[in-house]
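The figures that follow rest on heavy atoms only: side chains count, while hydrogens, waters and symmetry mates do not.
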Amino acid sequence: MGRGLIIALIASLALNVFAAGFITARLIGPDGPPPPIEVGPRAFDNPFRLMGSAESLPPESRRAFRAAFETQLPTLRAGNKEMRRLRQELHSLLSSEEWDREKIAEQMAAIRDVQARQREAFDAAFMAAFDTLSAEDRRAIIEAAHERRMDRREKFRRRLEERRGLPPPPQ
């Protein structure tokens, strides 16, 4: 009886590990977890998505809005390039044979510094861009950004349902 119980426990453990791996893979797979609902100023964190929402503006407002962002694009691009380099170096440090806690901590601090500079550049561009808009245009771009987020959410939900083999919801 003892040997049978040990085999059952091992089989149960193997099944649990498989299930945990399967569920984790579904969450971090190609489609990833559902995007969070963004509310408030963080809803506008991505300048390229915000540029897409600018399509809802009248042509003159759209040009002024984009021009304000374009002044910061070189800084944002340089920061992105530096961030990629720093993350690759961090990856190398983490996967090296020798563990060097101090170097890793320094690398993580450097990444945080770049992120802070990126945030400042984005905030400056954001404020300059919204300075160019009337109240009506600001409302229009916020509504367009909200609609784009909801569209992305709906597309993600449909892809997830298709992957799981669920029928589409009634319309």
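A distance of 5.5 Å separates CG in Leu57 from CG in Leu133, rounded to the nearest 0.5 Å. To the nearest 0.5 Å, the span separating CE on Met83 from CD on Gln88 amounts to 12.5 Å. A distance of 11.5 Å separates OG of Ser92 from NZ of Lys103, quoted to the nearest 0.5 Å. Note that the CD atom of Gln72 and the CZ atom of Arg77 stand 12.0 Å from one another [nearest 0.5 Å]. Distance check, rounded to the nearest 0.5 Å: CE of Met127 to OG1 of Thr132 gives 11.5 Å.
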Please test Arg159 against Lys155 for side chain to side chain contact (heavy atoms under 4.5 Å, CB included), starting from the C-alpha separation and ending with a verdict.
CA-CA 6 Å; Arg159 282 194 319 263; Lys155 286 177 187 174; 4.2 Å; yes
Start with the C-alpha gap between Leu93 and Asp100, add the side-chain angles, then the distance that decides, and say whether side chain to side chain contact (heavy atoms under 4.5 Å, CB included) holds.
CA-CA 8 Å; Leu93 288 170; Asp100 190 341; 5.5 Å; no
Before you tell me yes or no, could you show the steps for Met150 and His146 under side chain to side chain contact (heavy atoms under 4.5 Å, CB included), namely the whole-Å CA-CA distance, both residues' side-chain angles and the distance that decides it to 0.1 Å?
CA-CA 6 Å; Met150 293 301 110; His146 177 73; 3.7 Å; yes
Could you give me the CA-CA distance, side-chain angles and deciding distance for Leu94 and Trp99, then say whether side chain to side chain contact (heavy atoms under 4.5 Å, CB included) is met?
CA-CA 7 Å; Leu94 290 171; Trp99 177 257; 3.9 Å; yes
Audit row: Glu143, Arg139, salt bridge (charged side-chain N to carboxylate O under 4.0 Å, His left out) steps and yes/no:
CA-CA 6 Å; Glu143 181 60 33; Arg139 281 190 292 276; over 6 Å; no
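Contact check for Pro58 versus Asp137: side-chain heavy atoms found under the 4.5 Å cut-off.
Formation of a donor-acceptor pair under 3.5 Å by the Gln107 side chain with backbone atoms of Leu86 is found in this model. A donor-acceptor pair under 3.5 Å is formed between the side chain of Ser95 and the backbone N or O of His91.
Glu60 has a carboxylate O that lies under 4.0 Å from a charged side-chain N of Arg63, or vice versa, which qualifies the two as a salt bridge. Looking at Arg117 and Asp113, no side-chain N of the basic residue comes within less than 4.0 Å of a carboxylate O on the acidic one, giving no salt bridge. Between Arg66 and Glu70 no salt bridge is recorded (no basic side-chain N to carboxylate O distance below 4.0 Å).
A tilted orientation is assigned to the rings of Phe69 and Phe122, their planes being inclined by 30° to 60°.
Residues Leu76 and Phe65 share a single hydrophobic cluster, defined by chaining ILVMFWY side chains whose heavy atoms lie under 4.5 Å apart. Ile104 and Val114 fall within the same hydrophobic cluster, defined by Ile, Leu, Val, Met, Phe, Trp and Tyr side-chain heavy atoms under 4.5 Å apart, directly or through other members.
Considering Thr75, Asp123, Asn80 as possible partners of Gln118, the one that fulfils the side-chain hydrogen bond (donor to acceptor under 3.5 Å, both in side chains) test is Asn80.
Taking all atoms of both residues into account, the shortest heavy-atom contact from Ala68 to Thr71 is O-OG1, 2.7 Å.
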